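Below: the structure, in structure tokens.
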Amino acid sequence: GGASKNDKKFRKTEIDRYISLGRTSIIRNQKKSAEGLERISKIGEEACASIVEAGGMQVVTTQLANSNSSNVRLKSAIIFSNVSKHEMLRKQLYDDRVCLCLVELLSKGKPAAMKPHCIEAIANMGTLLEARPDLVGATSEIIKYIFAGDLTQQLSGLNALRRIAAHPRCHHKIFKA
């Protein structure tokens with residue numbers, strides 16, 4: 001069964017606490033925020049929905065993904081990947097400007113460990129037609145990833161490109177990359 005009312009209430013206060021920590025520019029607090037939100041995002045769709053409803057994605061896009069800490073940026077990519085797995089949340093993620101943030105995060109390139117998570121999230125978000133033009137900016141980074149990667153990474157990158165390319169406004173932009 002689902003979480004009890006008390007579990008949901010506890011999780012909401014916990015999420016609110018992590019969001020508050022993430023709003024600061026203090027790296028120590030950003031690390032706690034990113035670690036907490038990442039852990040919660042792994043629980044499942046309901047937990048991810050709680051993060052989105054509480055405004056957690058705005059904190060991830062505005063603060064954590066732009067952190068000076070590479071570990072916080074990595075956790076941001078993992079959060080994007082985990083939350084974007086859930087189809088019912090993608091429209092809200094799009095509205096929260098996650099796509100543009102993913103493109104920016106991927107172009108930063110460091111740490112390298114965040115690339116697979118960014119590309120997975122881009123492929124997930126690419127199922128949303130209106131998101132595809134925002135994702136085109138990732139094309140050249142995805143192509144580099146495909147050429148440098150193993151077979152699994154190549155397939156993941158190609159899947160992301162396939163989704164982006166399935167939008168008429170993206171065809172000529174992809175070939176420019």
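All residue numbers in this chain count up from 1 along the given sequence. Since the model is a prediction, treat every value here as computed from it, not as a measurement.
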State, to 0.1 Å, how close I19 and G55 come at their nearest heavy-atom pair, and which atoms those are. CD1-C, 4.0 Å
Go through the steps to decide whether K31 and E35 satisfy the test salt bridge (charged side-chain N to carboxylate O under 4.0 Å, His left out), and finish with yes or no. CA-CA 6 Å; K31 283 182 179 173; E35 285 165 8; over 6 Å; no
Are side-chain N/O atoms of S107 and E141 paired as donor and acceptor at under 3.5 Å? no
With a 4.5 Å cut-off on side-chain heavy atoms, are K12 and S50 touching? no
Ignoring hydrogens and geometry, is there a side-chain-to-backbone donor-acceptor pair from S76 to V72 under 3.5 Å? yes
Can you confirm whether R163 sits close enough to T127 that some side-chain heavy atom of one is under 4.5 Å from a side-chain heavy atom of the other? yes
Nearest heavy-atom approach of I122 to A160 is CG2-CB, 4.2 Å
In terms of heavy-atom contacts, A138 and V103 come closest through N-CG1, 3.7 Å
Side chain to side chain contact (heavy atoms under 4.5 Å, CB included) partner of F80, the single match among N124, T61, L93: T61
Any side-chain heavy atom of L102 within less than 4.5 Å of one from M125? yes
Taking atom types as modelled, find out whether D96 and Q92 have a side-chain donor-acceptor pair closer than 3.5 angstrom. yes
Is there a side-chain contact between V136 and R132 in this structure, where contact means two heavy atoms from C-beta onward sitting under 4.5 Å apart? no
Which heavy atom of I146 sits nearest to which heavy atom of Q154, and what is that distance? O-CG, 3.1 Å
A side-chain contact here means heavy atoms from C-beta on lying under 4.5 Å apart; do K110 and R73 qualify? yes
Can you see which heavy atom on S67 is nearest to which on I27, and at what distance? OG-CD1, 3.7 Å
Mind checking whether Y94 and C99 have side chains closer than 4.5 Å, heavy atoms only? yes
Working for side chain to side chain contact (heavy atoms under 4.5 Å, CB included), residues I79 and I40: CA-CA 9 Å; I79 294 165; I40 293 167; over 6 Å; no
Do Y145 and Q153 have side-chain heavy atoms sitting under 4.5 Å apart? yes
Within the structure provided, determine whether V83 and V60 are in side-chain contact (heavy-atom separation under 4.5 Å). no
Show the nearest heavy-atom pair for residues A47 and I43, with the distance to one decimal. CB-CB, 3.7 Å
Using modelled atom types only, decide if a donor and an acceptor are shared between the side chain of Q63 and the backbone of T24 within a distance under 3.5 Å. yes
Using modelled atom types and a 3.5 Å cut-off, is there a donor and acceptor pairing between side-chain atoms of N66 and backbone atoms of T62? yes
